[in-house]
Amino acid sequence: MLTVDRTSGSDKPDLYVQVPAYRDLELVPTLRDLYAQAAQPSRLRVRVMWQRAEDEVLPDDVLSLPRLEVDRVPAATSEGCNWARQRLQKAWEGERYTLLLDSHHRFVAGWDDLALRMLEQLRAAGTLKPMLTGYLPAYSPRSDLFRSTRPQRLYPFARDEGVLTRLKGAVIRDSEMLTEPVPADFASLHFLLADGCFNDEVQFDPTVYFFGDEVLTTVRAFAAMYRLFHPYRVIGWHAYDRNSRVTHWADHTGHAERHARSLTALRHWFRGERDISSAEVSAFEAHVNLCLVV
């Protein structure tokens, strides 16, 4: 069995977990489960970008979780999920690994060992900059009676004004027969595990409001020579049901204008007018056999 080489030392956290949270009732059980199910909680440094209403509080048992940092901001001042993600990235302190999550998850026992072992399995097989990412199967905060044990692959799903903005997940068939992560075309932003330097190399663009951010992150990661893979075993679950949380666009006006600005920003990115070149965009389009803008 492969072992995880933690050069930062066993007495220091080597996995920086980033959790943007916007008025989400599932934040508390997510944090409790994140620590409870970790094989080595001492390896975790967890930072929450907590965009909260004035009357929302976290219980003492959560606030006392080791190496948990909570960056509190009034929800009214939030500029959206990628603004929060960029702020979390800036707090990276050189940990060897980084994990991007949402604030509504459950985890399998030993999720950290399982995920890091898959990442290092890819590196040992020759992938210099592996990224483990995917849509986790669903759980329901209201009736958590069934959780799928089948991992998913990401596919392109929909466009806005010709720009690819949305992805969808589908079950990986015969996953029980697999022994290694599955090559992926696209990244998920509710589960993304990579080396910590990802935080410097692919910094989130806060002008992209919501839809399209996973596609943009994928292209930029590809240009930075990351190679993407889906887990071949379930590492955790994600709540797709939004009833446990208030969305940013329910609290803030101007959603249509923010989305329009996102599309403008995405077109600039995909024309090679930002930090990636048109040649790098073309290389990605050839890789997935798909045009990002039509």
>> Leu164 vs Leu290, test: side-chain contact (heavy atoms from CB on, under 4.5 Å). Steps then yes/no.
In response: CA-CA 10 Å; Leu164 180 65; Leu290 182 78; 3.6 Å; yes

> Should His252 and Arg258 be marked as a side-chain contact (heavy atoms from CB on, under 4.5 Å) after you check the CA-CA gap, both sets of side-chain angles, and the distance that decides it?
Replying inline: CA-CA 10 Å; His252 297 257; Arg258 291 174 191 265; 4.2 Å; yes

> Where do Asp195 and Lys129 land on the salt bridge (Lys or Arg N to Asp or Glu O under 4.0 Å) test, with the steps shown first?
Replying inline: CA-CA 8 Å; Asp195 290 343; Lys129 297 177 73 172; over 6 Å; no

>> Determine whether Arg267 and Glu161 satisfy the following criterion, side-chain contact (heavy atoms from CB on, under 4.5 Å), listing intermediate values before the conclusion.
In response: CA-CA 10 Å; Arg267 288 192 181 93; Glu161 299 179 16; 3.4 Å; yes

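Between Asp113 and Arg43 there is a salt bridge, since a side-chain N of the basic residue sits under 4.0 Å from a carboxylate O of the acidic one.
A distance of 8.0 Å separates CG of Leu100 from CG of Leu88, quoted to the nearest 0.5 Å.
Cluster membership for Met131 and Val202, using ILVMFWY side-chain heavy atoms within less than 4.5 angstrom, is shared. Under the 4.5 Å side-chain contact rule for hydrophobic residues, Val163 and Phe204 do not share a cluster. In the hydrophobic clustering of this structure, Trp92 does not group with Leu15; members are Ile, Leu, Val, Met, Phe, Trp, Tyr whose side-chain heavy atoms approach within less than 4.5 Å, directly or through other members.
Note on ring orientation: taking the six-membered ring where Trp is involved, the planes of His105 and His238 are tilted (angle from 30° to 60°). Using cut-offs of 30° and 60° on the angle between ring planes, the pair His259 and His255 is parallel.
Donor-acceptor pairing under 3.5 Å is recorded for the side chains of Glu214 and Tyr135. A side-chain N or O of Asn199 and one of Gln18 form a donor-acceptor pair less than 3.5 Å apart. With 3.5 Å as the limit, one finds no donor-acceptor pair spanning the side chains of Trp50 and Asp71.
Within the 4.5 Å cutoff, no side-chain heavy atoms of Tyr22 are placed close to those of Thr247. Here the side chains of Tyr240 and Ser140 are not in contact, with every heavy-atom distance at 4.5 Å or above.
Each of Arg106, Arg242, Arg245, Arg32 was compared with Glu26 under the salt bridge (Lys or Arg N to Asp or Glu O under 4.0 Å) criterion, and only Arg106 meets it.
Through direct or indirect side-chain contacts shorter than 4.5 Å among Ile, Leu, Val, Met, Phe, Trp and Tyr, Phe211 is connected to Tyr209, Phe210, Trp249.
Between Tyr16 and Tyr97, the ring centre distance reaches or exceeds 6.0 Å.
Minimum heavy-atom separation, Gly236 to Pro137: O-CD, 3.5 Å.
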